[in-house]
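What follows is one structure encoded as structure tokens, with my remarks underneath.
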Amino acid sequence: MSTHHLRLAGALVAALCAGCAPVPDDASGAAAAQRLYGTLAFQPCTLTSAQASANVEAQCATLQVPENPAEPDGRRIGLNIAWLEAGNDGAGKADPVFFLAGGPGQAATEVAAPVNMALRDVRKQRDIFLIDQRGTGKSNPLTCLDAQGKELPLDENAAPSAGLIEDYARRCAQSLTGRADTRFYTTTEAIGDLDTVRKALGVDKVNVIGGSYGTRVAQQYAAHYPQHTRTVVIDGVVPNDLVVGGDFANTFEDAITLQSAQCRQDPICAQRFPVDTRTQLRNVMATLAKAPVEVEYRNPGTGQAERDVLTADSVTGLAFMFSYMPELSSLLPVMLDEAAQGRYAPLMSLSKMASRTLGVQMNRGMQWSVLCAEDADRYQESAQGDRVLGPEVARMFFAACPAWNAGSRPKDFTTPFASSLPVLLLSGQFDPVTPPRYAEQVVKQLPNGRHLLAKGQGHGTINAGCMPRILGQFIDTADAKSLDATCLDTLSPVPAFTSFNGWAP
């Protein structure tokens with residue numbers, strides 16, 4: 001194991017990274033531009049992203065809430081809120097949408113660009129609110145800092161062990177002294193914050209849309225505040241009783257097996273790659289495990305030629321990241337084929353890109369506060385047979401917990417979500433983290449629920465094909481059963497690249 005697995009364990013979703021930055025012209029201009037929504041005062045802001053092609057113009061506000069809900073007069077923290085106004089005239093209906101980000105550890109305002117695209121039809125009639133969950137983004141982030149106030153670095157050259165993560169977590173916890181009590185950054189506090197925001201906005205009901213870990217938050221909110229929930233959309237469904245991270249070896253194995261079968265069913269792909277993707281991945285990993293290779297490659301960040309050592313762990317992490325998105329997983333067969341022939345530069349370049357990306361998308365401290373309170377004590381390691389990912393990945397999810405001041409969860413926390421509310425459940429066929437079988441398990445308790453499968457898709461489907469239109473229809477009608485989802489039939493797997501020029505015609 002290496003610190004690459006800490007990043008892997010800390011990045012449950014692959015998402016665009018953005019920031020919320022108010023941009024008033026001057027003090028008087030900011031005051032003039034201030035707008036009230038309920039009791040919250042919003043000012044113009046721009047949600048930016050280095051990866052997105054366009055910024056998102058919004059209105060931003062901060063709401064102060066008690067860090068410990070049981071001590072309203074104690075330390076208060078600010079919740080960062082972005083408002084994407086409905087329609088051209090900003091006249092939205094009375095029940096806005098709350099978007100809940102994944103992770104745990106992702107900030108909602110940091111995925112503004114893809115969310116704005118996915119909810120473009122919803123936004124024609126309803127306001128969208130992106131609320132950074134406490135501990136993420138600009139909501140008192142649990143960022144690990146060194147003595148100089150810079151993010152606490154990981155020792156990339158240290159001997160790999162769970163102890164390395166535990167030591168890092170201990171130093172991180174010490175750096176948070178005086179800034180945060182990490183016991184109060186769990187899903188339970190988060191749903192309380194959501195309802196506090198709802199009250200401050202002066203609305204009676206909200207529509208909640210959650211992705212990945214955000215589906216846990218959505219289910220918990222709807223279960224505790226059903227009278228204030230109009231509809232629920234959960235994309236990449238996490239059942240309430242799932243131990244986050246504990247099933248990754250199995251779900252990834254299923255996904256890579258499906259991808260291998262896809263290539264076998266395509267005569268051109270099968271001829272080009274006689275060794276199936278799963279077997280090729282295992283072969284490359286076995287070769288590198290015996291003898292890591294020093295590789296000259298082009299740094300994807302700087303474009304400069306560099307040399308570094310490629311390990312089996314790096315390849316595993318890369319394959320896992322690629323399996324999130326079909327556009328990336330289509331590259332895996334050709335890259336593994338190159339590596340099998342001793343040409344490792346493409347794998348190394350993309351591994352570096354993946355490592356750099358995964359390291360900045362999740363707030364580790366907030367993730368540990370959630371996992372250590374809600375999942376760690378429920379994890380039971382079991383024999384998993386012949387799997388590409390071993391039990392080490394799951395262990396790394398919880399390695400920080402002995403050093404982390406964790407909170408607790410309610411006794412009914414893992415109770416299956418059962419509700420008569422309208423619920424739309426979405427899954428990607430090749431999702432390596434939250435496979436369709438999770439949604440099938442949850443929908444059994446939802447008489448007004450419906451599960452839609454996006455063929456050929458990975459983790460996160462709200463932007464796939466006609467899904468934005470379906471979301472618009474569902475939020476408009478609050479009726480999952482009557483939705484016409486036949487347009488999803490046009491979705492199909494992305495063909496595997498047979499060379500770096502693309503797939504065969």
Side-chain angles (χ1 to χ4, degrees), residues 1-11 14 154-162 164-165 248-257 259-260 263 272-301 304-325 328-359 384-397 399 432 496-497 499-500:
M1 289 299 300
S2 73
T3 52
H4 184 89
H5 277 86
L6 175 56
R7 295 194 186 91
L8 176 59
L154 280 166
D155 186 354
E156 298 288 341
N157 298 315
S161 69
L164 177 69
I165 296 177
F248 269 16
N250 294 319
T251 57
F252 175 71
E253 192 73 21
D254 292 344
I256 201 72
T257 299
Q259 291 170 15
S260 295
C263 183
R272 172 66 178 83
F273 304 112
V275 180
D276 70 84
T277 304
R278 180 186 179 278
T279 301
Q280 194 75 290
L281 176 60
R282 295 298 299 268
N283 291 343
V284 171
M285 288 173 57
T287 298
L288 292 172
K290 292 179 181 177
V293 177
E294 186 175 8
V295 181
E296 183 173 340
Y297 69 101
R298 191 167 298 280
N299 187 301
Q304 300 297 313
E306 297 183 8
R307 295 187 71 85
D308 207 340
V309 176
L310 183 67
T311 66
D313 287 344
S314 298
V315 176
T316 308
L318 181 64
F320 188 85
M321 177 191 174
F322 270 35
S323 64
Y324 270 67
M325 299 176 64
L328 293 178
S329 62
S330 63
L331 276 168
L332 199 55
V334 70
M335 289 197 311
L336 292 174
D337 183 68
E338 287 285 297
Q341 299 179 54
R343 297 188 288 270
Y344 293 102
L347 266 180
M348 176 61 89
S349 293
L350 289 166
S351 175
K352 290 294 182 180
M353 181 184 72
S355 177
R356 190 162 52 104
T357 303
L358 292 177
Q384 296 174 329
D386 182 26
R387 296 288 187 266
V388 174
L389 295 182
E392 294 87 357
V393 172
R395 293 171 191 162
M396 293 301 165
F397 266 82
F497 277 40
S499 73
F500 287 108

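- With sequence neighbours left out, the side chain to side chain contact (heavy atoms under 4.5 Å, CB included) criterion links Ala345 to Val295, Tyr297.
- Take Asp276 and apply the salt bridge (charged side-chain N to carboxylate O under 4.0 Å, His left out) test, not counting sequence neighbours, and it matches no residue.
- Of all heavy-atom pairs between Cys263 and Phe273, the closest is SG-CD1, 4.2 Å.
- Rounded to the nearest 0.5 angstrom, Ile256 CD1 and Arg278 CZ are separated by 9.0 Å.
- Residues meeting the salt bridge (charged side-chain N to carboxylate O under 4.0 Å, His left out) test with Glu296, sequence neighbours left out: Arg307.
- The line from CE of Met396 to CG of Leu164 is 8.0 Å long, rounded to the nearest 0.5 Å.
- Considering CD of Glu338 and CD of Gln280, their distance stands at 11.0 Å, rounded to 0.5 Å.
- Residue Leu332 comes nearest to Gln259 through the heavy atom pair CD2-OE1, 4.5 Å, listed as atom of the first residue, atom of the second, then distance.
- With sequence neighbours left out, Asn283 forms a side-chain hydrogen bond (donor to acceptor under 3.5 Å, both in side chains) with no residue at all.
- Within the structure, salt bridge (charged side-chain N to carboxylate O under 4.0 Å, His left out) pairs that include any residue of residues 283-292 do not occur (at least two apart or interchain).
- The side chain to side chain contact (heavy atoms under 4.5 Å, CB included) check on Gln341 picks up Asp337, Arg343, with sequence neighbours excluded.
- Remark: Thr287 pairs with Tyr344 by the side chain to side chain contact (heavy atoms under 4.5 Å, CB included) rule, at least two apart or across chains.
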